Participant: 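I have a structure I would like to understand better, so I am pasting it below and will then ask my questions one at a time.
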Amino acid sequence: MIVWINGASGAGKTTTARELIELIPNSTLFDPEVISGALPRLLPPKYLDEIDDHQELPIWRRLVIDTTAAVLAEVGGVLVVPMTLLRQDHRDEIFGALASRRIPVRHVVLAPAETILRARTAQHPAPADRPDGAVRVRPREDGTVAAYRTALGSWLAADAHLIDNGRLTPHATAVRIAEAVRTGTAPVSDIVQTPQPGAETVAAGVLLFDERDRVLLVDPTYKAGWEFPGGIVEPGEAPARAGVREVAEETGLRLDQVPRLLLVDWEPPAPPAYGGLRLLFDGGHLDADRAGRLLLPGPELRDCRFVAEDEAGRLLPPERYARLRWALRAREQGAVVYLEAGLPV
């Protein structure tokens with residue numbers, strides 16, 4: 001299990017984490033700041049010069065996920081992680097990847113009053129350099145009171161167990177966290193657990209259209225990037241039926257009939273991904289009433305929207321946009337198209 005201690009700079013995450021490992025048996029402290037400090041040794045300077053926040057780098061998030069999972073596998077027990085996460089998509093990506101490894105995460109936010117946060121930040125400014133002389137790579141905006149306030153007002157308060165530690169010592173705060181973990185008051189994050197594939201997979205996506213013939217795209221909580229409604233076909237499941245099931249699970253919409261196949265694309269393996277077959281089906285039109293009943297927010301989707309083809313090009317990764325373009329052409333022609341790596345064969 002992981003106990004993730006979140007909060008703005010000055011909330012007392014690290015000092016509380018040090019106290020907490022004394023209260024929870026078989027627990028270990030892991031601070032992802034060690035990954036931040038390693039980035040200057042891993043990346044060319046231009047990568048760090050061009051960003052405002054190291055959490056914007058995919059490598060930072062991947063290293064946090066993989067290192068956290070590896071440390072927990074090595075030491076076992078409970079891993080206490082003090083780390084600010086103020087963007088919901090970053091939280092979703094990290095917690096979702098940990099969930100895919102069947103690692104439960106209890107999310108706690110230290111939430112002292114804003115006046116206390118500002119006073120602490122003013123008294124203890126973050127050092128520009130690490131003690132060992134390496135550059136301390138810190139986000140310039142992440143952890144600021146303004147970013148924290150925005151996150152707290154939009155998603156953070158509903159996502160985590162909040163503790164007002166403004167008048168508490170780090171030890172007293174740790175006692176409250178330990179009790180919340182023991183009693184389940186700080187619940188396990190309910191982010192969808194999508195197991196990582198161990199071989200090639202078959203995935204079924206369904207294209208749904210509104211009355212203006214715009215296509216529905218969804219923003220899953222359990223991975224980064226926009227996608228079509230759909231998911232992995234389970235063993236023994238027909239792909240079209242899998243698409244229908246995934247649409248119901250993700251959006252709450254139940255399709256009246258089995259959708260028509262539009263496209264088959266073979267995605268080549270690109271380690272660490274295994275690739276496989278990607279199918280797109282035509283789920284037909286949704287009238288305004290059905291479109292208004294989309295199930296949001298939910299455990300699987302952060303957002304959804306109907307978009308025209310040009311806007312889809314700005315939201316989708318290139319390989320998914322290529323599939324969409326060919327699927328729309330196939331839909332116009334009443335045909336089925338076969339692709340390999342996004343190109344017709």
Side-chain angles (χ1 to χ4, degrees), residues 50-53 55-62 85-97 150-151 154-155 191-192 194 201 203-232 243 246-247 249-253 259 262-265 267 270 273 275-276 278-286 288 290-332 337 339 341-344:
E50 294 173 356
I51 62 167
D52 292 327
D53 182 343
Q55 294 190 9
E56 295 173 5
L57 292 170
I59 187 175
W60 183 88
R61 301 192 298 274
R62 286 196 293 266
L85 285 177
L86 298 182
R87 279 182 48 174
Q88 188 178 15
D89 55 340
H90 290 168
R91 187 290 316 235
D92 292 343
E93 181 180 350
I94 292 172
F95 284 18
T150 299
S154 58
W155 65 274
I191 196 165
V192 175
T194 303
T201 55
V206 180
L207 302 184
L208 298 167
F209 301 88
D210 68 1
E211 294 174 329
R212 294 165 55 187
D213 220 30
R214 298 178 302 174
V215 67
L216 178 67
L217 299 184
V218 297
D219 186 11
T221 59
Y222 50 89
K223 62 180 178 179
W226 289 80
E227 193 37 296
F228 316 110
I232 299 298
E246 288 284 351
V247 166
E249 291 176 359
E250 292 182 353
T251 70
L253 297 175
L262 295 174
L263 174 145
V264 178
D265 185 18
E267 182 179 285
R278 309 294 178 244
L279 286 68
L280 285 179
F281 294 86
D282 184 359
H285 286 93
L286 301 176
R290 294 190 74 196
R293 295 202 303 266
L294 291 171
L295 184 63
L296 282 172
E300 297 207 18
L301 296 185
R302 184 187 304 114
D303 195 5
C304 69
R305 67 180 69 169
F306 287 97
V307 299
E309 185 176 339
D310 57 346
E311 185 180 358
R314 294 190 293 270
L315 294 176
L316 292 172
E319 68 278 4
R320 293 177 197 158
Y321 180 54
R323 287 180 201 136
L324 175 63
R325 291 177 58 248
W326 286 109
L328 292 178
R329 303 294 89 77
R331 182 170 177 259
E332 293 171 355
V337 63
L339 311 177
L343 298 174

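Worth saying up front: this structure is predicted, and the values here are computed from it rather than measured.
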Participant: Tell me the closest heavy-atom pair linking Leu263 and Arg323, and the distance in Å.
Facilitator: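 For Leu263 and Arg323, the tightest heavy-atom pair comes out as CD1-O, 3.4 Å.
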Participant: CG/Asp89 to CG/Asp303 distance, rounded to the nearest 0.5 angstrom?
Facilitator: 11.5 Å
Participant: Between Val307 and Val215, is any pair of side-chain heavy atoms under 4.5 Å apart?
Facilitator: yes
Participant: Look up atom CH2 in Trp60 and atom CD1 in Ile94, then write down how far apart they are to the nearest 0.5 Å.
Facilitator: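 Trp60 atom CH2 to Ile94 atom CD1 measures 4.5 Å (nearest 0.5 Å).
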Participant: In terms of side-chain geometry, is the basic nitrogen of Glu311 or Arg305 positioned less than 4.0 Å from the acidic oxygen of its partner?
Facilitator: yes
Participant: With a 4.5 Å heavy-atom cut-off, do Glu250 and Val218 have their side chains touching?
Facilitator: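 Yes, side chains in contact.
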Participant: Ala327 and Leu262: which non-hydrogen atoms are nearest, and at how many Å?
Facilitator: O-CD1, 3.9 Å
Participant: Tell me, do Leu280 and Asp265 make a side-chain contact under 4.5 Å, heavy atoms counted?
Facilitator: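 In short, these two side chains do not touch, never coming nearer than 4.5 Å.
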Participant: For the residue pair Glu227 and Leu316, what are the closest heavy atoms and their distance?
Facilitator: N-CD2, 4.0 Å
Participant: Side chains of Pro259 and Asp282, heavy atoms from C-beta outward: is any pair under 4.5 Å?
Facilitator: no
Participant: Look only at the side chain of Arg278 and the backbone of Arg320, and say whether a donor-acceptor pair between them is shorter than 3.5 Å.
Facilitator: no
Participant: Does the cation-pi check pass for Arg331 over Phe209, that is, NZ or CZ under 6.0 Å from the six-membered ring centre and within 45° of its axis?
Facilitator: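 That pair qualifies as a cation-pi contact.
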Participant: Any Lys/Arg nitrogen of Glu93 or Arg87 sitting under 4.0 Å from an Asp/Glu carboxylate oxygen of the other?
Facilitator: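 No.
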Participant: To the nearest 0.5 Å, what is the distance between CG (Leu86) and CZ (Arg91)?
Facilitator: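 Answer rounded to 0.5 Å: 12.5 Å.
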Participant: Does the side chain to side chain contact (heavy atoms under 4.5 Å, CB included) test come out yes or no for Arg62 and Leu57, once each step is laid out?
Facilitator: CA-CA 9 Å; Arg62 286 196 293 266; Leu57 292 170; over 6 Å; no
Participant: Do you know the tightest heavy-atom contact between Arg290 and Leu253?
Facilitator: O-CD2, 3.5 Å
Participant: Kindly compute the distance separating CZ (Arg214) from CD (Glu309), expressed to the nearest 0.5 Å.
Facilitator: 14.0 Å
Participant: Working to the nearest 0.5 Å, report the span between CG of Asp219 and CG of Leu315.
Facilitator: 9.0 Å
Participant: To the nearest 0.5 Å, what is the distance between CG (Leu217) and OH (Tyr321)?
Facilitator: 11.0 Å
Participant: Determine the minimum heavy-atom distance between Gly342 and Ala322, stating which atoms define it.
Facilitator: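 Heavy atoms of Gly342 and Ala322 come nearest at O-CB, 4.2 Å.
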Participant: Can you give me the closest heavy-atom contact between Leu85 and Gln55, atom names plus distance?
Facilitator: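 In terms of heavy atoms, the two residues are closest at CD2-OE1, 3.5 Å.
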